[in-house]
Amino acid sequence: MSTLELVGLTKHFSGAKQSAETVAVNDINLSVGDGEFLCILGPSGCGKSTTLRMIGGFEEPTSGDVLIDGASVVDMPPNRRPTAMVFQKYTLWPHMRVYDNIAFGLRLRHQDKAQIDKEVRDSLALVGLTGYDRRYPAQLSGGEQQRVALARALVLQPKMLLLDEPFSNLDALLRVRLREELYAIQRRIKITAIFVTHDQEEALSLADRIAVMNAGQLEQLDKPSQIYAYPRTLFVADFIGVMNIFPVQRQGDLLHIGQYALKAPEGLNGESGLSVAVRPEDFTFSATDGAWQGVIDQTIDLGHYRKVLVIVPGLFGDETAALAHRVKVYMPKSVQARAGDRIALTPSRYLVYSDTAVTRTSSATRTSSATPNAQPIEVRNQAVSGEDDR
Amino acid sequence: MPMAITSTTIPMRRAKKRDWSWLAGYALIALPVLIMVALIFYPAVLALIDTLFVPDATTGVTALSLSNYQAFFKDRILVANLLFTFQVTLTAVALLFVIGYPLALYLRFSKSRLASVVQVLTLFPLFVPGVILAFALIQFLGSHGMLDSLLHAFGFTGFRTPYLQPQGVIIALVWESIPFTVLVLTAGLRQVEDAVVESARDVGANSWQIFMRILLPLSLRSAVIVFCLNVIGIFGAFTIPYLLGPAQPMMMGVSMQQTFNNYQDRVGALTQAVITFLFCAVVGLLYVRTVTRGRKERA
Ligand SMILES: Nc1ncnc2c1ncn2[C@@H]1O[C@H](COP(=O)(O)OP(=O)(O)OP(=O)(O)O)[C@@H](O)[C@H]1O
Ligand SMILES: [Mg+2]
C-alpha cells in the first residue's frame, strides 16, 4: 500500500524520420492516495499505456519524475520497482504451468518450497482458480488467463498494481464479471491500483478517481460523479457519457443557437468560440410548451429508460443539419413517445464552455481573444427566453 | 419430372468435385518427391548395396558382409578422420550458438538505428561463395598474410597461422553459417511477444534469467532447427576443409574425395559416404520431428 506521484511526466518518441517526434505524454501531474483505485481513461493513442509503462519502469520518461511513497523510482528497472503489472494480452509464459507462472517470481527471491507452495495456492484461491495449477496457459480461457496474470502479480505483494486494459480482449459479460472480482480483491487487500482503459463504463464503475487523458495531456482528474456532472473541458464533456453540444453565438447576455437563445451565465468571458453542453437527462419536455420545437425521429428502448432522438430544425436553420445533429433526450418509459410525435424541449441544466473545440481531439486550441473561462459555467433552471428574432 | 432431375444432378456434381481435390495436394509434392528419390534415396540405396555385398576374394561370389565397414573402423587414419569431423562439427556448431544468440537477441530487442546495419553485416557472408572466402582467409590469415604482416609491423612475431590447421577450417565454417543461424534464431525470438519478456522482468528476473528461463525455452524449436541443419551442413562440408584444412586428419568430405581419386577405391569412398549419410540422417530425423511437432502444436 502506497502513494504515487507523477511530476511533470513527459515522454517523447522519436519517429521514423529524424524530425517526426511524437509527444506521447505531455507534462502529467497527479498524485494517487494509499489504497486508491485510479483509472486512466482516454481514447486510443492518447498516451495511457505510455504513462503506465513509465510508472512500471518499461519506458524511460523524457522528463519528469515518478515518486512512490515519496521516493523517486525513475532510475530503477522494473524488477526493482515495488510495482506489478498486468498486461493486455500474451501475459502468461506459455511454456510454464499455471503453478510455475505464479511461482516464478517467488523462486527468483529464493523463498523456500513450502512457503512458495502456500503462497501460490493462496493467490490461486484469491482469484477463484483453485485446482488449475497443473494446466498450461493454452488450456485456459482468456478470462482464466487474465486471472492467473493477476494472481502472478499479486503473489509478490507489490505496493502498487498496474493494469493495462487487462480485460479488453474478453467478451462483454466476462469483462463485467472480472471487473467486479478485481474491485472486490482490490478492496480486500487494499492495494493502490492504477487501471488503464478506454472503456468509460469500466472506469466509472471501478475508479475512486478517473484521470481523463487526451492527446498526451491530463484533461481532468476527479471522482466519477464529478467527471460526469462537471466535465472540465469540452473534450471530457464529449468523451464521457452522452452529451449534446451546441456551438453558440453570444450577444450581450444571450447565447444564440440558431433561432433559439439561452441565457448567458454571469461571469462568462469571451464572445466567440463558446459552446453549450446539455446532458440527455437535463431536458424538460412536453408536447407543445417548451423552448425548442421539434419532431421525434427515433426512439430507442434502453431497458429502464428510453432514448429519444429529436430533430429540432430551429437549432440549425436547415433540415439536413438538424437531421445530422439530432438532439439526444432520455425519458422515463412512462412517458408516451413515438416517432413522428411533436415535442418541445427545454434545457433545465447546461454547461457553457469557453472552448472552441467540439471535436474530440482539438481541445487544446483555444482561439478566444478575451481571457476564456478556464472552467465551464453551470446554469440551472433558468427561465429560458423563447424564440428570439421573432 | 423436374424434381427428379435437380435431386440427382446436384449430389453428382458435389461428388465429382470432392474426388479431384485431394489429388491436387499430391500433384504439388510429386515433383520434389520424385527428384528426392532419384537424386538421394536411389543412390543411397545403391551405395548401401554396393558396400554390403562383397565379392569373395577367391570364389568371386558376392555375399552379404560387413567387411567394408569393419575395414573402415579398423583403419586408424579413417577413424581419426571421422572423430576429427565430429570434433570440428561440434566445435563449429557450439561457436555458432555462442555467436548467433547474442546477435539474434540484439536484432530482436534493439530499437537503435545500428540494428539494421548489424542485420546487413550478419547477412554479408551469404553473398560470398565458399571458394572466395577460403582464398580471402588465406590472404588475411595465412603465414605472411595481412594479419601476420600487421602484427610484424607492431613488433609481434609469435603469430601462428590457422591456415592448414583445424582452427582455420572452423573459422571459415562458422563464418559461412552465421547468416542462416542468426536469421533462424531471430525469427524464433521474434515470436516471443514483448509482454512475455516484460512481465518476466516485472516479477524480478534479470537479463540472464530472462534468457535462460523464458527466451531459450520459447525459441528452442529454432535452436534445434539451427543445430540440425548446421550439423548436417558442416559434417558433410567439402570446399572449405579441402582448401583450408590440415592434410591429416581430414574431414570426411575430403577423405572421401581422396579415397576415390587418389586411391581409386570406389567402395571405400562409398563406405565413408554411407557412414556420413547415416549420421546426417539421424540428425535429419530429429529435425523433421521438431518441425512436424511445431506444426501440430500451432494447429
Ligand atoms: N515505442 C513507441 N515508439 C514510438 N511511438 C510510440 C511508441 N509507443 C507508443 N507510441 C506513440 O505514443 C502515443 C501514445 O501511445 P500509447 O500506447 O500510450 O496510447 P494508448 O493511450 O495506450 O492507446 P491504446 O488505447 O490504443 O492502447 C501513440 O501516438 C503511439 O503511436
Ligand atoms: Mg494502450
Side-chain angles (χ1 to χ4, degrees), chain A residues 13-14 16-18 49 52-53 55-60 76-96 100-111 136-138 145-146 148-158 160-162 164-166 169, chain B residues 101 104-120 185 187-226 289-299:
Chain A
F13 286 111
S14 49
K17 279 172 266 164
Q18 206 89 37
S49 295
L52 194 74
R53 290 169 60 79
I55 301 171
F58 298 104
E59 217 74 72
E60 204 179 326
M76 293 182 185
N79 40 332
R80 301 214 5 248
R81 294 194 190 194
T83 55
M85 183 116 156
V86 178
F87 294 83
Q88 182 175 1
K89 48 186 177 176
Y90 310 116
T91 41
L92 300 180
W93 301 305
H95 60 300
M96 294 186 197
D100 300 310
N101 260 280
I102 299 174
F104 187 69
L106 298 171
R107 287 182 182 140
L108 291 175
R109 284 163 181 71
H110 302 293
Q111 293 202 3
Y136 280 101
Q145 288 184 26
Q146 289 309 76
V148 174
L150 185 61
R152 186 179 67 185
L154 291 176
V155 79
L156 299 171
Q157 302 181 335
M160 199 164 290
L161 187 60
L162 310 175
D164 191 355
E165 311 206 23
N169 278 3
Chain B
Y101 253 118
L105 285 167
Y106 175 76
L107 291 176
R108 161 67 179 82
F109 290 104
S110 171
K111 292 190 178 80
S112 88
R113 262 171 253 275
L114 198 63
S116 48
V117 178
V118 173
Q119 171 101 58
V120 171
L185 290 181
L189 288 172
R190 279 198 205 288
Q191 297 197 336
V192 183
E193 297 289 337
D194 280 344
V196 164
V197 178
E198 287 178 344
S199 41
R201 170 140 289 148
D202 197 39
V203 301
N206 61 31
S207 301
W208 175 249
Q209 288 162 333
I210 288 176
F211 177 68
M212 291 305 289
R213 308 286 302 278
I214 307 285
L215 291 171
L216 195 58
L218 288 178
S219 62
L220 195 61
R221 185 170 307 133
S222 307
V224 173
I225 289 172
V226 161
R289 249 194 48 185
T290 309
V291 170
T292 49
R293 199 174 49 198
R295 284 247 166 133
K296 239 183 263 162
E297 268 168 32
R298 255 170 280 143

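Just the heavy atoms: all of them, side chains too, but no hydrogens, waters or symmetry mates, feed the values below.
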Problem set entry | B:E193 versus chain A, the contacting section by heavy-atom distance below 4.5 Å | side chain
Exercise. Is it the backbone or the side chain of B:I214 that comes under 4.5 Å from a heavy atom of chain A, or both, or neither?
Worked result: both
Seminar exercise, completed: The interface call for A:R80 against chain B, heavy-atom contacts under 4.5 Å, is neither
Exercise. Which region of A:L162, side chain (C-beta onward) or backbone (N, CA, C, O), has a non-hydrogen atom less than 4.5 Å from a non-hydrogen atom of chain B, or is it both or neither?
Worked result: neither
As an exercise: rank [options] by heavy-atom pairs under 4.5 Å with chain B and give me the winner.
options	answer
A:A84, A:G57, A:G56	A:A84
A:R109, A:K89, A:H95, A:R152	A:H95
A:Q88, A:R53, A:M96	A:R53

Problem set entry | Under 3.5 Å side-chain donor-acceptor pair for A:T91 and A:Q146 | yes
Exercise. Can you check whether A:F87 and A:F58 have ring centres sitting under 6.0 Å from each other?
Worked result: yes
For this session: Under the side-chain contact (heavy atoms from CB on, under 4.5 Å) rule, what do B:S207 and B:R201 come out as? Steps first, then yes or no, please.
Result: CA-CA 8 Å; B:S207 301; B:R201 170 140 289 148; 3.0 Å; yes
Problem set entry | Between B:V203, B:N206, B:D194, B:L220, the one whose heavy-atom pairs under 4.5 Å with chain A are most numerous | B:V203
For this session: Using the six-membered ring of A:W93, assess whether NZ or CZ of B:R213 lies under 6.0 Å from its centre and within 45 degrees of the ring axis.
Result: no
For this session: Please report the closest heavy-atom contact between B:P217 and B:F211, naming both atoms and the distance.
Result: CD-O, 4.1 Å
For this session: Show the numbers, then the answer: is there a salt bridge (Lys or Arg N to Asp or Glu O under 4.0 Å) between B:D202 and A:R81?
Result: CA-CA 8 Å; B:D202 197 39; A:R81 294 194 190 194; over 6 Å; no
